[in-house]
Amino acid sequence: MNNVNKTLYIPLYGKAYVSKKGVILHDEKAEEIWDAEGFELKGKARSKWLAYYMGMRSAVFDQWLKKQMDLDSTAVIVHIGCGMDSRVVRVGTGKHAWYDIDFPDVIRERKRYYEESVEYHMIESDARNNDWIKNLPKNKNAIIVMEGVSMYFQTEELTRLLKHLVSHFQKITVLMDCYTVFAAKASKYKNPVNDVGVTVLHGIDDPKILEKDTGLVYIREHDLTPDVMINELSGMERVIFKKLFAGKFAKKIYRLYEYKSR
């Protein structure tokens with residue numbers, strides 16, 4: 001795998017870690033894959049604080065997705081940059097058509113642990129190559145999940161992808177986490193992904209910048225670290241986590257945005 005693809009092991013470890021501890025996220029599949037792969041992480045990438053953060057981030061995405069699926073029983077689910085994530089297992093397809101997209105070598109690895117079905121499909125493609133969108137059903141609404149992936153896109157690439165998705169579907173709803181510009185610049189020097197060889201990332205400061213030329217409307221910002229999840233941590237861990245990942249400084253680094261098509 002190239003260095004970008006290796007970053008998938010960081011959230012995988014985080015989800016396996018919290019699942020084994022019995023907090024935040026129940027993810028037996030992450031535990032299974034992490035134990036089987038034995039990928040070696042070092043430094044900040046193996047931090048328990050980051051693991052808690054990865055678990056919370058995924059749980060927030062899961063809750064949002066479940067709600068959107070209940071609101072639209074026929075919408076197509078599109079999970080961009082799926083890595084080895086088991087969201088399709090944790091949430092379930094609920095008879096929705098579900099498409100997981102990632103680089104060919106990631107999907108080949110993924111197929112060792114996941115099987116396609118009538119509802120569930122895996123697509124091998126660099127998400128920046130918008131030709132893969134042609135493989136998705138047309139004349140449908142879609143729920144788009146982009147967790148831990150937008151920072152690998154330049155703003156122009158991200159805008160182009162979103163524009164193609166809006167054009168392909170009747171309506172779309174998107175949840176996407178983003179680095180700020182400050183975080184993207186600082187990541188060159190201090191970021192867990194550095195430990196797997198990634199040094200170039202991208203960020204946005206104004207969520208409305210993605211309204212331009214895409215056909216999307218910015219709806220609102222979501223909380224990446226809800227108190228109800230932080231409160232699952234014990235004692236001083238809760239205090240330290242709040243200071244590191246849920247305070248004002250955290251907001252200067254990482255945001256979670258929801259969009260809808262016009």
Side-chain angles (χ1 to χ4, degrees), residues 4 7-19 21 23-25 27 30 41-65 67 80-81 83 85 87 145-153 155 158 174-196 198-210 218-259:
V4 170
T7 62
L8 65 86
Y9 287 106
I10 299 173
L12 178 65
Y13 168 72
K15 285 173 277 194
Y17 181 88
V18 298
S19 184
K21 288 200 71 171
V23 296
I24 303 167
L25 189 75
D27 197 335
L41 289 178
K42 59 183 179 179
K44 298 179 292 294
R46 204 177 174 92
S47 159
K48 71 175 179 179
W49 308 111
L50 183 62
Y52 291 148
Y53 194 81
M54 293 289 99
M56 288 185 198
R57 183 181 76 177
S58 287
V60 168
F61 269 89
D62 285 358
Q63 290 176 1
W64 177 86
L65 178 57
K67 181 178 179 180
I80 299 172
D85 184 78
R87 177 158 289 119
V145 173
M146 294 182 68
E147 180 187 1
V149 69
S150 74
M151 56 287 301
Y152 301 107
F153 286 72
T155 303
L158 189 56
V174 184
L175 189 63
M176 173 173 54
D177 55 326
C178 300
Y179 277 170
T180 63
V181 172
F182 164 75
K185 289 178 179 178
S187 67
K188 183 177 181 180
Y189 307 100
K190 189 175 182 180
N191 191 305
V193 299
N194 301 156
D195 294 324
V196 291
V198 175
T199 58
V200 179
L201 295 169
H202 308 279
I204 60 173
D205 284 337
D206 180 5
K208 291 190 175 183
I209 196 172
L210 295 180
Y218 169 64
I219 302 300
R220 67 187 180 102
E221 181 176 351
H222 291 256
D223 188 354
L224 279 156
T225 54
D227 283 342
V228 67
M229 295 183 191
I230 295 175
N231 289 339
E232 292 192 40
L233 306 181
S234 59
M236 283 305 296
E237 284 193 337
R238 188 184 310 136
V239 175
I240 294 170
F241 183 87
K242 269 196 170 186
K243 189 169 184 64
L244 290 174
F245 290 101
K248 290 182 179 179
F249 181 70
K251 286 259 188 179
K252 294 180 180 179
I253 297 173
Y254 216 2
R255 313 299 281 267
L256 181 60
Y257 300 131
E258 179 178 351
Y259 298 87

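R255 places no side-chain N or O within 3.5 Å of a backbone atom of C178 that could act as its donor or acceptor partner. Without hydrogens or angle criteria, D205 side chain to V181 main chain gives a donor-acceptor distance under 3.5 Å. The backbone N or O of D177 sits less than 3.5 Å from a side-chain atom of S150, completing a donor-acceptor pair.
Other residues, nucleotides and ligands contribute only 12 or fewer heavy atoms inside 6.0 Å of the CD1 atom of I209.
Side-chain contact check for I204 versus T155: some heavy-atom pair is nearer than 4.5 Å. Using a 4.5 Å cut-off on side-chain heavy atoms (C-beta onward), L175 and V145 make no contact. At a threshold of 4.5 Å between non-hydrogen side-chain atoms, the residues H202 and L158 do not count as touching.
In this structure, OH in Y17 is found 15.0 Å from CG in L12, a value given to the nearest 0.5 Å. In this structure, the separation between NZ on K248 and CD1 on I253 is 15.0 Å, given to the nearest 0.5 Å. Atom CE of residue M176 and atom CZ of residue F61 lie 9.0 Å apart, to the nearest 0.5 angstrom. Distance check: F245 CZ to M54 CE gives 8.0 Å after rounding to the nearest 0.5 Å. Taken to the nearest 0.5 Å, the NZ atom of K15 stands 7.0 Å off from the CZ atom of R57.
Here Y53 and Y254 bring their ring centres to under 6.0 angstrom of each other.
The two residues I230 and A246 have their closest heavy-atom pair at CD1-CB, 3.8 Å. Taking all atoms of both residues into account, the shortest heavy-atom contact from Y259 to P207 is OH-O, 2.7 Å. Shortest non-hydrogen contact noted between A184 and G203 is CB-N, 3.5 Å. The two residues A16 and A30 have their closest heavy-atom pair at CB-O, 3.6 Å. In plain terms, the two heavy atoms of M56 and I24 that are nearest each other are N-CG2, 3.6 Å.
In this view, E258 and W64, H222 satisfy the side chain to side chain donor-acceptor pair (under 3.5 Å) rule, not counting sequence neighbours. Remark: D62 pairs with R87, R90 by the salt bridge (Lys or Arg N to Asp or Glu O under 4.0 Å) rule, at least two apart or across chains. The salt bridge (Lys or Arg N to Asp or Glu O under 4.0 Å) test applied to K48 returns E237, not counting sequence neighbours.
Paired with K242 under the rule side chain to side chain contact (heavy atoms under 4.5 Å, CB included), one option of T225, D227, L233 passes, and it is D227.
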